[in-house]
Amino acid sequence: MARKIFIAGNWKMNKTVAEAAELLAGLKASAGRIGNVDVAVCPPYTTLAGAVAALKDTPIMVGAQNVHWAASGAYTGEVSAAMLKELAVDCVIIGHSERRQYFGETDATVNQRTKAALAAGLLPIVCVGETLAEREAGKTEQVVKTQTEAGLAGLDPAQAAIVTIAYEPVWAIGTGKTATPQMAQDVHAFLRGVLAGMFGAETAGKIRIQYGGSMKPDNAAELLAQPDIDGGLIGGASLKAEDFLAIVTSA
Ligand code: PEP
């Protein structure tokens, strides 16, 4: 089953609207270089509308970095899936390790957010990954299995096929330490087996699993050449149009 490579840029809490203009212009100018690859950028909420407008005539999709599960209501600081759809946002990152670490995100809330995103027609990018302590304790498989099973609980195979999983070892995010292609491939293959157990082998063969953690132009090709690595979730290197597009073209 051929899976189309999917590269997404997570800007995190970077770029004011004014600062984003240059990056968006750079992406737009080079969008013609994008081949048979799905590409998305995920700016902060304040820049979502501007990014949708700036990238309108390009194949680059726009994603948010979180979404709430309720349609509306007393949830100060949160944004609903309908609000994102209104802006013509395409996808949404859910359960990033920074949300889990600093903002109390749990597997249960990841599951609620994922269901709300799917119900609204957004493509969820659901993040899983182990900390350094968990890896050193030999718990990597157990951790990513629990996160995946709980995060995607209750989905039917058709819904699951739409989800992208991002495997992001927490120790590799923003640290310059990248999992070796073999280390990443081993976890991706393991995750594919977990997904097969949940949804059947055919659906598991359709679900894209991105790698995230210090992916850069000079290591992307080798990571993306692994059979179960279907793309990347890119943090730091997504803040420069040249670097981000170099990763896209190396796919
Ligand atoms: C991320 O935060 O999703 C990420 C992969 O960051 P970086 O590429 O900077 O490690």
Side-chain angles (χ1 to χ4, degrees), residues 5-15 19-20 23 27 37-45 47-48 51 60-67 89-103 105 110 113-114 117 123-132 134-135 140 143-144 147-148 151 163-181 183-185 187-188 191 208-224 226 228-251:
I5 294 283
F6 181 17
I7 307 287
N10 174 16
W11 293 11
K12 311 193 185 192
M13 196 174 73
N14 292 296
K15 305 285 178 190
E19 289 165 352
L23 176 50
L27 292 170
V37 178
D38 283 338
V39 180
V41 291
C42 304
Y45 289 128
T47 297
L48 285 174
I60 302 175
M61 297 184 284
V62 175
Q65 297 174 19
N66 198 5
V67 63
V89 163
D90 304 290
C91 50
V92 59
I93 299 170
I94 296 171
H96 190 278
S97 63
E98 288 151 15
R99 301 290 325 163
R100 295 177 188 260
Q101 190 179 350
Y102 305 127
F103 303 102
E105 191 78 54
V110 168
R113 295 183 201 279
T114 302
L123 306 177
I125 301 174
V126 178
C127 303
V128 302
E130 81 286 3
T131 63
L132 184 58
E134 288 164 343
R135 174 163 283 265
T140 297
V143 167
V144 297
Q147 290 174 337
T148 303
V163 172
T164 296
I165 301 285
Y167 168 58
E168 301 205 301
V170 177
W171 47 271
I173 296 179
T175 58
K177 287 185 196 146
T178 318
T180 64
M183 279 163 87
Q185 165 59 25
V187 179
H188 282 233
L191 281 171
R208 293 184 289 191
I209 308 176
Q210 296 174 326
Y211 169 79
S214 299
M215 196 190 265
K216 297 189 168 53
D218 60 2
N219 62 22
E222 212 189 342
L223 286 159
L224 294 168
Q226 302 300 312
D228 287 289
I229 300 184
D230 310 314
L233 185 55
I234 321 295
S238 72
L239 296 174
K240 281 195 191 144
E242 263 320 296
D243 286 355
F244 186 61
L245 286 158
I247 294 171
V248 170
T249 51
S250 75

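When reading the values below, keep in mind they use all heavy atoms of this one structure, side chains included, and skip hydrogens, waters and symmetry mates. When a ligand or atom number is given, it counts from 1 through the structure's own listing order.
- Looking only at distances, a side-chain donor or acceptor of Ser238 sits under 3.5 Å from a matching main-chain atom of Gly235.
- Listed by number with element, the atoms of ligand 1 under 4.0 Å from a non-hydrogen atom of Gly213 are 5 (C), 10 (O).
- Using a 4.0 Å cut-off to heavy atoms of His96, the atoms of ligand 1 that qualify are 1 (C), 2 (O), 3 (O).
- Closest heavy-atom contact between Gly63 and Pro43: O-CD, 3.3 Å.
- Side-chain polar atoms of His96 and Glu105 form no donor-acceptor pair below 3.5 angstrom.
- Heavy atoms of Gly232 come nearer than 4.0 angstrom to ligand 1 in no pair at all.
- For atom 8 (O) of ligand 1, the nearest protein heavy atom (residue, atom name, distance) is Gly235 N, 2.8 Å.
- Taking every non-hydrogen atom of Gly174 and a distance limit under 4.0 Å, the qualifying atoms of ligand 1 come out as 7 (P), 9 (O), 10 (O).
- Of all atoms in ligand 1, listed by their number and element, those nearer than 4.0 Å to a heavy atom of Lys12 are 1 (C), 2 (O), 6 (O).
- Near Leu233, meaning under 4.0 Å from one of its heavy atoms, ligand 1 places the atoms 3 (O), 5 (C).
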Step-by-step side chain to side chain contact (heavy atoms under 4.5 Å, CB included) determination, Ile125 to Gln210: CA-CA 9 Å; Ile125 301 174; Gln210 296 174 326; 3.4 Å; yes
Candidate pair Val187 and Val144, rule side chain to side chain contact (heavy atoms under 4.5 Å, CB included), full reasoning: CA-CA 8 Å; Val187 179; Val144 297; 4.2 Å; yes
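- Counting the atoms of ligand 1 from 1 in the order shown, those under 4.0 Å from a heavy atom of Gly236 are 7 (P), 8 (O), 9 (O).
- Heavy-atom proximity to Ser214, at under 4.0 Å, picks out these atoms of ligand 1: 7 (P), 8 (O), 10 (O).
- Of all atoms in ligand 1, listed by their number and element, those nearer than 4.0 Å to a heavy atom of Ala172 are 10 (O).
- Annotation for Glu222: atom CD does not count as buried by contact number, only 12 or fewer foreign heavy atoms lying within 6.0 Å.
- Closest to atom 3 (O) of ligand 1 among all protein heavy atoms lies Glu168 OE2, 2.7 Å.
- Proximity of Asn10 to ligand 1, defined as any heavy-atom pair under 4.0 Å, is confined to the side chain (atoms from C-beta onward).
- Judged purely by distance below 3.5 Å, without hydrogens or angles, the side chains of Glu130 and Tyr167 pair a donor atom with an acceptor atom.
- The shortest separation from a heavy atom of Ala237 to ligand 1 is not under 4.0 Å, leaving the residue out of contact.
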Step-by-step side chain to side chain contact (heavy atoms under 4.5 Å, CB included) determination, Trp11 to Gln65: CA-CA 9 Å; Trp11 293 11; Gln65 297 174 19; 4.2 Å; yes
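- A donor-acceptor pair is defined here as one N or O able to donate and one able to accept, closer than 3.5 Å; such a pair exists between the side chain of Asn219 and the backbone of Ser214.
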